[in-house]
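To start, the structure itself, in structure tokens.
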Amino acid sequence: MSAGAVRKAPPGAAASPASPPLAGPRLDGPRQAGLRLVRLHLVSRHVPAALAAIAGCAVLLRLALLGPWDTYGALQLPLLFETGAAAVIAITTASSLGEPERATGRWLPFLRLGTALALTAVAAGALAAAGAGAHLAGGTLDVVRNVAGLTGIGLLCAAVLGGQLGWIGPLGYMLVGAYGLYTDWHGPALTTPWIWPARPPHDRGAAICAALVLAAGLAAVTLLGARDSGRRPAPD
């Protein structure tokens, strides 16, 4: 047999092109993976809807400030919208993912903390901006203090009762704050700093109390999460 015959490949193999190498799994870099993790966390917490609700509170506050209010009504008006914003933030701690969410591992507490802090800052900024150029009782300092304290109450309530019921805490405290404002006018006035909506904006004790409540709420929701975050959906 000749050398040419030995090198000759079978007809089928000669006509077939070389097979491409098998493609392995697509691996994203750390940055892409981190961004995807953040996006999934925000979506699972319904953060876009929460931002829309907070913006709605700011718009309604601005519209309400355009109307005529007596002094007592003007003091209570911001508290209503501050409570609404805090309730929205507390509800965002709930997650429908359950146990699969814990696959995020060590990043989950940081995601919880970052989300709560960012929403609190957005709420305080939006409500303060809504009162710019208008007669906002207490001014920016009052808004920041009240939003911070009310949000802390909501986060604590979410850790104990669940994210879906986190609104109960801010709503209940709003009634306490409204009564405190009432006593400022009708006496005897409640001077405890733990009822900070009834204290002047520059009251240091009230600001410290609100900050402590916010810190406690952030710690609870960061380390423990909302009570209902670890539940699995019931089988069909």
Side-chain angles (χ1 to χ4, degrees), residues 35 38-39 41-67 69 74-94 110-158 163 166-167 169-171 173-174 177-178 181 193 196-204 206-222 226:
L35 292 175
V38 172
R39 181 179 61 82
H41 181 81
L42 297 179
V43 171
S44 71
R45 293 302 194 276
H46 305 289
V47 171
L51 292 173
I54 291 172
C57 289
V59 171
L60 291 176
L61 174 60
R62 182 66 183 185
L63 294 176
L65 290 174
L66 298 177
W69 296 90
L75 287 173
Q76 289 186 324
L77 181 65
L79 181 61
L80 176 64
F81 297 100
E82 291 158 359
T83 301
V88 167
I89 297 172
I91 293 174
T92 60
T93 59
F110 295 100
L111 292 171
R112 291 169 176 166
L113 176 62
T115 301
L117 276 176
L119 288 176
T120 303
V122 168
L127 294 177
H135 182 65
L136 178 63
T140 300
L141 289 179
D142 202 57
V143 169
V144 173
R145 182 192 65 193
N146 292 348
V147 169
L150 286 164
T151 300
I153 293 174
L155 296 178
L156 288 171
C157 191
W167 56 270
L171 181 61
Y173 187 82
M174 181 192 72
L181 290 171
W196 52 80
R199 304 303 301 151
H202 294 87
D203 190 307
R204 183 176 300 179
I208 292 174
C209 289
L212 289 175
V213 173
L214 176 62
L218 289 172
V221 80
T222 298

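Because only heavy atoms are used, hydrogens play no part in the values below, and waters and symmetry mates are left out as well, while side chains stay in.
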| Roughly how far apart are His202 NE2 and Leu141 CG, rounded to 0.5 Å? | 5.0 Å

| Can you name the residues that form a ring pair (Phe, Tyr, Trp, His ring centres under 6.0 Å) with Tyr173, not counting sequence neighbours? | Trp196

| request: Give the minimum heavy-atom separation between Leu156 and Ala220, together with the two atoms involved. | output: CD2-CB, 4.0 Å

| note | In short, salt bridge (Lys or Arg N to Asp or Glu O under 4.0 Å) pairs touching residues 128-151 with sequence neighbours left out are Asp142-Arg145

| task | Return yes if some donor-acceptor pair links the side-chain N/O of Thr222 with the main-chain N/O of Ala219 below 3.5 Å, else return no. | result | no

| message | Please determine whether side-chain contact (heavy atoms from CB on, under 4.5 Å) holds for the pair Ile89 and Leu150, giving the CA-CA distance in whole Å, both sets of side-chain angles, and the decisive distance to 0.1 Å. | response | CA-CA 10 Å; Ile89 297 172; Leu150 286 164; over 6 Å; no

Check: residues 113-140 side-chain donor-acceptor pairs under 3.5 Å, at least two apart:
from, atom 1, to, atom 2, distance (Å)
Thr115, OG1, Leu111, O, 2.8
Thr120, OG1, Ala116, O, 2.7

For residues 74-87, which side-chain N or O atoms pair as donor and acceptor with protein atoms under 3.5 Å away, sequence neighbours left out?
from, atom 1, to, atom 2, distance (Å)
Gln76, NE2, Tyr72, OH, 2.8
Glu82, OE1, Asn146, ND2, 3.1
Thr83, OG1, Leu79, O, 2.8

| said: Could you work out, with side-chain contact (heavy atoms from CB on, under 4.5 Å) as the rule, every residue matching Leu66, not counting sequence neighbours? | reply: Leu63

| Separation between CG of Leu155 and OG1 of Thr92, rounded to the nearest 0.5 Å | 7.5 Å

| task | If a pair satisfies salt bridge (Lys or Arg N to Asp or Glu O under 4.0 Å) and one of its residues is in residues 118-131, list it, with sequence neighbours excluded. | result | none

